[in-house]
Number of protein chains: 2
Amino acid sequence: MSEEHWTPPAVLLAVDLVILTLRESRLHVLLIERGVEPYQGALALPGGFLQHAEEDLIAAAHRELAEEAAMDIETLHLEHLGVYGDPGRDPRGRVVSIAYLAIAPGLPEPTAGSDAAGARWHRADQVLSGELRLAFDHRRIVEDGVERARAKLEHSALATAFCGPTFTITDLQRVYEAVWGVSLDPRNFYRKVQKTSGFIVPAGPERKATTGRPARLFKAGPRKVLYPPMVRPVEPSNAKEPKE
Amino acid sequence: MSEEHWTPPAVLLAVDLVILTLRESRLHVLLIERGVEPYQGALALPGGFLQHAEEDLIAAAHRELAEEAAMDIETLHLEHLGVYGDPGRDPRGRVVSIAYLAIAPGLPEPTAGSDAAGARWHRADQVLSGELRLAFDHRRIVEDGVERARAKLEHSALATAFCGPTFTITDLQRVYEAVWGVSLDPRNFYRKVQKTSGFIVPAGPERKATTGRPARLFKAGPRKVLYPPMVRPVEPSNAKEPKE
DNA sequence: CAAATAGTGTCTATCAGACACTATTAG
DNA sequence: CTAATAGTGTCTGATAGACACTATTTG
């Protein structure tokens with residue numbers, strides 16, 4: 001083709017957001033109920049079209065979040081998750097969607113925005129299992145987002161962000177267990193976390209109210225990249241061959 | 001915004017390709033010399049605009065590869081690398097580029113296509129060091145691609161794809177050393193590779209011509225995901241804290 | 001006291017890395 | 001023989017996982 005005498009076709013660009021949080025020790029994803037066709041009434045990820053040609057992609061993602069879920073969270077860190085651009089994924093025509101991922105603690109119950117009949121938290125496992133059905137290819141996007149979150153817990157200090165400003169080691173363990181969907185030995189977890197230098201540092205008066213011995217409080221340490229990493233228990237399917 | 005009574009803006013969508021190969025035990029990246037403005041004459045990644053609104057992104061990537069580098073490699077596996085969409089990254093206007101990555105062995109010397117004054121292999125380290133300057137934000141894209149390749153060697157059997165149908169363990173070691181930019185102990189490497197079950201399996205007559213003891217030949221095994229993974233030597237910056 | 005949670009000590013199997021040593025070829 | 005590359009054995013220190021044990025609280 002000759003680049004000089006030809007105008008490239010324009011494409012509709014959308015952003016979709018996978019917003020994950022932890023509620024009652026379970027991983028939840030933010031979903032809206034679509035207010036317009038296509039898929040009116042179905043559950044979907046928040047998102048929408050770029051508003052004008054010069055709009056920054058991340059800015060568009062933040063704008064959609066504010067519009068559709070009334071979440072004006074300036075500080076929410078969005079990271080690129082993937083591109084979903086199969087022709088035919090959207091009945092309105094060729095829509096290429098850039099997906100962003102945010103993982104954050106204790107996000108508020110959202111309120112419905114103008115575009116969406118409702119925006120609510122739903123359990124991620126219900127989406128992954130197919131118990132909840134999503135519009136478009138959004139289940140696939142959630143799958144990718146959850147897998148990304150699981151991987152990030154291994155190598156980054158993300159888990160501390162799910163806890164309050166101070167937390168106990170057991171609190172932190174709950175985060176790993178919820179996102180990974182496993183249960184961990186508290187004693188080995190305790191030392192594993194301590195040995196990963198810079199991950200957590202002691203904080204404040206070392207007490208807390210429940211039954212049992214009071215736990216020490218910690219806060220997030222300076223390290224954002226964990227070394228050594230926290231490794232997920234090996235899934236049986238990935239496990240070592242039966243014999244040799 | 002009201003989705004019903006408003007037409008979203010269209011955006012120019014491009015694909016860019018990071019094609020990596022190994023030549024003389026060094027990692028090389030395919031670059032074209034741009035034949036048109038902007039950045040005429042500068043080195044850049046192969047790529048270009050989507051041709052029509054319904055074109056599949058991967059198909060567009062393959063097409064550009066054929067057009068710009070005369071590489072009609074149907075089998076070349078392209079994987080999504082990232083999205084580069086900063087407003088201002090392209091002087092022609094808002095261009096959002098989807099980058100794809102391919103990693104393959106012994107690719108041929110490309111010939112110039114119609115769009116590009118030339119397409120040639122260049123050493124990846126010269127791009128990363130800034131010795132070679134690329135158009136747009138393409139150096140950044142190459143950085144991301146090389147990092148992705150390094151990570152893939154750890155967890156996937158990709159390295160075998162860089163070798164011929166059969167290879168010696170030393171051949172395989174050269175791949176790791178070239179991509180990671182390190183040198184490895186041949187004896188530990190030997191057993192590490194053997195212990196990763198399904199990674200490589202013995203092949204053919206166990207001989208090969210050079211000086212020294214003949215080496216056994218192997219071929220790629222059934223496993224695509226390596227367990228245990230091949231781990232890169234820890235960079236000093238990532239290493240354990242000086243003391244405690 | 002019992003129950004519950006927090007935190008420590010310790011054993012074992014495994015593994016990465018270092019490196020001495022043997023094996024097999026060419027010249 | 002020497003040089004060179006292939007392949008094995010073995011030691012050491014670190015680590016993951018299992019789990020006994022101690023510590024500190026509430027009721």
Side-chain angles (χ1 to χ4, degrees), chain A residues 25 153-155 163 166-174 176-177 180 182-197 199-218 226-236 238-241 243-244, chain B residues 25 153-155 163 166-174 176-177 180 182-197 199-218 226-236 238-241 243-244:
Chain A
S25 293
L153 284 200
E154 296 195 90
H155 302 283
C163 304
T166 65
F167 48 86
T168 68
I169 288 183
T170 300
D171 292 338
L172 194 60
Q173 184 181 338
R174 298 280 171 266
Y176 278 92
E177 291 180 330
W180 284 350
V182 299
S183 72
L184 303 169
D185 183 299
R187 300 157 297 191
N188 291 332
F189 184 86
Y190 192 94
R191 268 163 317 154
K192 178 66 187 258
V193 162
Q194 299 268 45
K195 255 188 303 192
T196 299
S197 65
F199 186 12
I200 59 174
V201 296
E206 44 183 68
R207 338 194 79 255
K208 194 201 168 190
T210 39
T211 175
R213 175 173 174 175
R216 297 178 194 156
L217 287 175
F218 294 84
L226 301 186
Y227 191 85
M230 305 290 295
V231 289
R232 282 185 262 191
V234 179
E235 297 171 27
N238 256 0
K240 180 176 305 189
E241 303 291 75
K243 257 297 165 237
E244 77 167 56
Chain B
S25 292
L153 283 201
E154 296 193 89
H155 301 282
C163 303
T166 65
F167 48 86
T168 68
I169 288 181
T170 301
D171 292 338
L172 194 60
Q173 184 181 340
R174 298 279 171 266
Y176 277 91
E177 291 180 331
W180 284 349
V182 299
S183 71
L184 302 169
D185 183 300
R187 299 157 298 190
N188 291 332
F189 183 86
Y190 193 93
R191 268 163 317 155
K192 178 66 187 255
V193 162
Q194 299 269 45
K195 257 187 302 191
T196 299
S197 67
F199 187 12
I200 59 174
V201 296
E206 43 182 67
R207 339 194 80 254
K208 194 200 169 191
T210 39
T211 176
R213 176 175 174 174
R216 298 178 193 154
L217 286 176
F218 294 85
L226 301 186
Y227 189 85
M230 306 288 297
V231 289
R232 283 184 261 192
V234 179
E235 297 170 27
N238 256 1
K240 183 175 304 192
E241 303 292 70
K243 258 296 165 241
E244 76 167 60

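Order of the sequence lines fixes the chain letters, A, B, ..., with proteins taken first and strands second; residue numbering starts at 1 for each chain.
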What is the distance, rounded to the nearest whole Å, between atom [atom1] of [X] and atom [atom2] of [N]?
X        : N      : atom1 : atom2 : result
B/Tyr190 : C/dA16 : OH    : P     : 17 Å
B/Phe189 : D/dG7  : CZ    : P     : 12 Å
B/Gln194 : D/dG9  : CD    : P     : 12 Å
B/Phe167 : D/dA6  : CZ    : P     : 14 Å
A/Leu184 : C/dA6  : CG    : C1'   : 17 Å
A/Arg216 : D/dT25 : CZ    : C1'   : 15 Å
A/Leu172 : C/dG7  : CG    : C1'   : 16 Å
B/Tyr176 : C/dA16 : OH    : P     : 13 Å

Counterpart residues, side chain to side chain donor-acceptor pair (under 3.5 Å), relative to A/Arg213 (two or more places apart):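 If we apply the side chain to side chain donor-acceptor pair (under 3.5 Å) test to A/Arg213, skipping adjacent residues, there are no hits.
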Pairing residues for A/Thr168 by the side chain to side chain donor-acceptor pair (under 3.5 Å) criterion, not counting sequence neighbours: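 With sequence neighbours excluded, A/Thr168 shows a side chain to side chain donor-acceptor pair (under 3.5 Å) to A/Asp171, given in chain and number order.
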CD-CG distance between A/Glu177 and A/Leu153, expressed to the nearest 0.5 angstrom: 12.0 Å
By salt bridge (charged side-chain N to carboxylate O under 4.0 Å, His left out) - contacts of A/Arg216 (at least two apart):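 Checked A/Arg216 against salt bridge (charged side-chain N to carboxylate O under 4.0 Å, His left out); zero matches.
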Given D/dT8, D/dA6, C/dA6, the nucleotide with the shortest approach to the side chain of A/Ala215: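 Ranking D/dT8, D/dA6, C/dA6 by closest atom to the A/Ala215 side chain puts C/dA6 first.
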[Y] side chain reached by [X] side chain, heavy atoms, under 4.5 Å:
X        : Y        : answer
A/Thr196 : A/Met230 : yes
B/Phe199 : B/Leu172 : yes
B/Phe218 : B/Gln194 : yes

C/dA16 phosphate, OP1 or OP2, under 4.0 Å from B/Lys192 side-chain N/O: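 Yes, within the criterion.
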N or O in side chain of A/Thr170 less than 4.0 angstrom from C/dT5 OP1/OP2: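 Answer is no, no contact under 4.0 Å.
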All side chain to side chain contact (heavy atoms under 4.5 Å, CB included) counterparts of B/Glu154, not counting sequence neighbours: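 Side chain to side chain contact (heavy atoms under 4.5 Å, CB included) check on B/Glu154 returns B/Trp180, B/Val231, B/Arg232.
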Partner residues of B/Thr166 under the side chain to side chain contact (heavy atoms under 4.5 Å, CB included) criterion, sequence neighbours left out: B/Ala203, B/Leu217
Angle between terminal axes - the helix from C/dC1-D/dG27 to C/dG27-D/dC1, 5 pairs each end, rounded to 10°: 10°
Annotated protein contacts, base or backbone, on nucleotides 19-27 of chain C with a non-hydrogen cut-off under 4.0 Å, one of B, S, - each: BB--BBBS-
Sugar-phosphate, base or nothing in reach of A/Thr168, heavy atoms under 4.0 Å: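 No contact.
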